[in-house]
Amino acid sequence: MPPQEAAKSIQAWWRGTLVRRTLLHAALSAAIIQRWWRRALVKRLEHRRRPALDSYVREAWAAVRLQSWVRMWRVRRRYCRLLHAVRIIQGYWRWRNCQTRGFVQGLYDIKENQLNLQLEISLGPEICRMQQCTTLPIKE
C-alpha cells in the first residue's frame, strides 16, 4: 500500500472514530435529557394528582359524616318519640295505679336492634301480661 493510501485510510478511520464518538455523546445526551423530561412530567402529574385526590377524600369524608349525622338524627328522633310515648303510658298507668290500687311491673331488654318489652299489670285480682318486640332503626 502506498503511503498516501495508508494516510487516507488512517485519516478515514480517525474521522470515523470522531464521528462515532460525537454520535455516542449526542445519543447519551439525548437519553439524559429524555430521562430528565420524563421525571419532570411525572412530578408535574403528581402535583396535579395530589390536590385531586385530597379533594376526593374530603368529599367522601364529608358525605360519610353527613350520612352518619342523618342516621343519628333519625334514630334519636325515633328514640325521643318512643320515650315520649312511654312517659305518657307511664303517667296514665301511675294515675290508674293510684286509682285502682293495682301495680305495674315490667322488664325491658335491648338486643342488637330490637327492644323487648314485658309488662305485668295487676288490678286487684286481675293480672294482665303484655309482651312486645319493637325493631329499632339502627345501622348494622
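How far OG of S68 is from CG of L66: 8.0 Å, rounded to the nearest 0.5 Å. Between atom OH of residue Y108 and atom CG of residue L115 there is a gap of 9.0 Å, rounded to the nearest 0.5 Å. Taking CG of L117 as the start and CG of D109 as the end, the distance is 10.5 Å to the nearest 0.5 Å. The CZ atom of R44 lies 13.5 Å from the CD atom of E46; values are rounded to the nearest 0.5 Å. In this structure, R77 CZ and M72 CE are separated by 12.5 Å, a value rounded to the nearest 0.5 Å. Here the straight-line distance linking atom CG of L45 with atom CZ of R50 works out to 12.0 Å at 0.5 Å rounding.
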For residues 16-41, run the donor-acceptor check on the side chains, cut-off 3.5 Å, and write out each pair with its distance to 0.1 Å, sequence neighbours left out.
residue, atom, partner, partner atom, Å
T17, OG1, W13, O, 2.8
T22, OG1, L18, O, 2.7
H25, ND1, S29, OG, 3.4
S29, OG, H25, O, 2.9

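I89 is connected to L119 through a chain of hydrophobic side-chain contacts under 4.5 Å among Ile, Leu, Val, Met, Phe, Trp and Tyr, so both are in one cluster.
When all heavy atoms of R78 and T135 are compared, the closest pair comes out as NH2-O, 3.3 Å.
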